[in-house]
Number of protein chains: 2
Amino acid sequence: MTSGQPLPQDPEPSLTIAQVAERTGLTHDTLRYYEKAGLIERIGRTTGNQRRYQTADLAWLEFLLRLRETGMSIADMQHFARLRSEGDATVADRLAMLREHRAGLADRIRALRRNATALDDKIDHYEQLLDERQQGTDETT
Amino acid sequence: MTSGQPLPQDPEPSLTIAQVAERTGLTHDTLRYYEKAGLIERIGRTTGNQRRYQTADLAWLEFLLRLRETGMSIADMQHFARLRSEGDATVADRLAMLREHRAGLADRIRALRRNATALDDKIDHYEQLLDERQQGTDETT
DNA sequence: ATAGAACCTGGAGTGCGCTCCAGGTCAAGC
DNA sequence: GCTTGACCTGGAGCGCACTCCAGGTTCTAT
């Protein structure tokens with residue numbers, strides 16, 4: 001088993017919302033919005049009702065950010081978060097979600113690479129146009 | 001010079017908005033919105049004021065779609081379209097825009113690939129969890 | 001000639017993902 | 001004790017990229 005309850009003298013590095021905002025690049029408004037929306041479970045509070053983020057909260061947030069950066073919608077992240085909160089019984093479902101998301105991501109990367117190549121062609125075309133234009137400034141054929 | 005004005009007997013393959021919608025995957029509303037927004041210049045009309053898209057319109061639309069798919073905003077596409085409508089003098093500006101967009105795209109593809117790798121790790125982790133859970137169903141260590 | 005589908009316009013409405021606001025509470029330094 | 005800045009809540013507002021609507025016109029097939 002693991003050892004400790006969060007005793008008072010536990011040096012668990014709890015962060016304020018401002019510190020988390022700086023670390024993640026999110027605003028405090030977005031952090032509160034994510035909590036309200038159920039993307040992150042209710043963050044622990046001080047006696048004065050102020051949030052204190054623990055290491056595990058940070059790790060989950062960073063995972064969420066990876067999902068977001070790869071284009072997952074808030075709705076899907078809510079779904080994933082709900083499954084997670086339901087415990088180990090939902091591991092298979094969560095795995096399925098991640099696999100599907102991963103597959104979609106692969107598709108999107110492939111599409112972007114194809115479009116990048118097309119863009120390169122267009123850029124080449126523009127470079128040629130520009131060369132001709134600059135060469136032709138004096139109208140001599 | 002090139003040869004023909006669009007004479008009546010010119011077999012220029014003009015398409016209705018519905019046909020263009022089907023070809024591009026855009027809705028007719030989106031096509032009209034893009035025209036209203038200045039992303040595409042005013043499409044030629046029949047005497048009865050209905051749009052007829054020409055080959056050149058299609059080509060431009062497909063280019064716009066590539067810009068969109070690679071994440072360019074409507075505002076930036078408007079900017080590009082405006083430059084284009086101003087003629088050859090803006091070739092250098094347009095080239096600069098495309099190069100910048102291309103560079104951002106490269107960054108985004110790199111970030112997606114990094115995130116994809118992180119996702120793969122997470123998936124591996126979930127697969128292991130699932131294996132343990134299935135093996136451990138009978139509680140024998 | 002006429003029915004019905006496709007098209008037209010200007011403008012309002014929608015969904016997403018935040019972002020801002022008002023009005024208050026809490027914590028730390030002077 | 002008091003000020004000042006960080007934090008709290010519920011709810012309204014915003015920008016983007018469409019999407020829909022009402023009311024009218026045009027095209028096509030019979």
Side-chain angles (χ1 to χ4, degrees), chain A residues 8 14-54 57-58 61-82 101 104 108 115, chain B residues 8 13-54 57-58 61-82 101 104 108:
Chain A
S14 79
L15 301 178
T16 67
I17 195 167
Q19 288 168 324
V20 174
E22 192 182 5
R23 241 152 267 235
T24 59
L26 299 171
T27 67
H28 46 47
D29 274 323
T30 301
L31 282 167
R32 288 195 272 252
Y33 164 65
Y34 280 4
E35 190 176 334
K36 218 189 299 193
L39 295 191
I40 49 190
E41 45 195 50
R42 185 178 167 80
I43 297 295
R45 312 291 167 119
T46 64
T47 54
N49 196 35
Q50 298 196 354
R51 289 171 180 81
R52 288 299 178 269
Y53 293 76
Q54 310 300 122
D57 298 326
L58 261 283
L61 254 176
E62 266 149 30
F63 176 61
L64 278 184
L65 287 187
R66 266 198 289 280
L67 293 181
R68 185 183 76 161
E69 278 164 30
T70 51
M72 188 180 283
S73 67
I74 297 277
D76 283 355
M77 289 192 283
Q78 282 170 334
H79 184 194
F80 193 93
R82 197 172 48 70
H101 184 62
R108 291 209 354 275
N115 282 322
Chain B
S14 80
L15 301 179
T16 66
I17 195 167
Q19 288 168 324
V20 174
E22 191 181 7
R23 240 153 267 234
T24 60
L26 300 171
T27 67
H28 46 46
D29 274 323
T30 302
L31 283 166
R32 288 196 271 250
Y33 164 65
Y34 279 5
E35 190 176 334
K36 218 188 300 193
L39 295 191
I40 48 191
E41 47 193 49
R42 185 177 167 81
I43 297 295
R45 311 292 167 118
T46 65
T47 54
N49 197 34
Q50 297 197 354
R51 290 170 180 81
R52 289 298 178 270
Y53 292 78
Q54 310 299 122
D57 299 326
L58 260 283
L61 253 177
E62 265 147 32
F63 176 61
L64 279 183
L65 287 187
R66 266 199 289 282
L67 293 182
R68 185 183 78 161
E69 278 163 30
T70 50
M72 188 180 283
S73 67
I74 297 277
D76 284 356
M77 289 191 284
Q78 282 171 334
H79 184 194
F80 193 93
R82 197 172 49 70
H101 184 62
R108 291 208 354 273

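The sequence lines fix the lettering, A, B, ..., with proteins before strands; numbering per chain opens at 1. Values below: all heavy atoms of this structure, side chains included; hydrogens, waters and symmetry mates excluded.
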- Which residue, B/Ile17 or A/Asp29, contacts DNA chain C at a nucleotide closer to its 5' end, judged by nearest heavy atom? B/Ile17

- Is the count of non-hydrogen atoms from other residues, nucleotides or ligands lying under 6.0 Å from B/Glu41 atom CD greater than 12? no

- Hey, does A/Arg32 reach any base, or is it just sugar-phosphate, or nothing, if we go heavy atoms under 4.0 Å? base

- Task: Please state whether the phosphate of D/dC7, meaning OP1 or OP2, lies under 4.0 angstrom from any side-chain nitrogen or oxygen of A/Thr16.
- Result: yes

- Query: Does A/Arg108 reach the main-chain N or O of A/Thr70 with its side chain, forming a donor-acceptor pair under 3.5 Å?
  - Reply: yes

- Message: Check this one for me: any side-chain N or O of B/Thr46 less than 4.0 Å away from OP1 or OP2 of D/dC27?
- Response: yes

- Note on the structure: Atom CD1 of B/Ile74 and atom P of D/dA17 are separated, to the nearest Å, by 5 Å

- CD of B/Glu22: more than 12 outside heavy atoms within 6.0 angstrom? no

- Item | Position toward the 5' end of DNA chain D (nearest nucleotide), B/Met77 or B/Gly48 | B/Met77

- Whole angstrom is fine here: how far is it from CZ in A/Arg52 over to P in D/dA6? 13 Å

- Task: Would you mind classifying the nucleic acid contact of B/Arg45 as base, sugar-phosphate or nothing, using non-hydrogen atoms under 4.0 angstrom?
- Result: sugar-phosphate

- Pick the nucleotide of DNA chain C nearest each of A/Thr30 and A/Gln50; which residue has the one closer to the 5' end? A/Thr30

- The residue among B/Thr24, B/Thr30, B/Asp29 that forms side-chain hydrogen bond (donor to acceptor under 3.5 Å, both in side chains) with B/Thr27 is B/Thr30

- Query: B/Leu64 CG to D/dC18 C1': how many Å, rounded?
  - Reply: 15 Å

- Under a 4.0 Å heavy-atom criterion, DNA chain C is touched by chain B from C/dC7 to C/dG11

- Task: Keeping the roles fixed (side chain from B/Glu69, backbone from A/Asn115), state whether a donor-acceptor pair exists under 3.5 Å.
- Result: no

- Task: Let me know the distance between CD of B/Glu35 and C1' of D/dA17, rounded to the nearest Å.
- Result: 17 Å

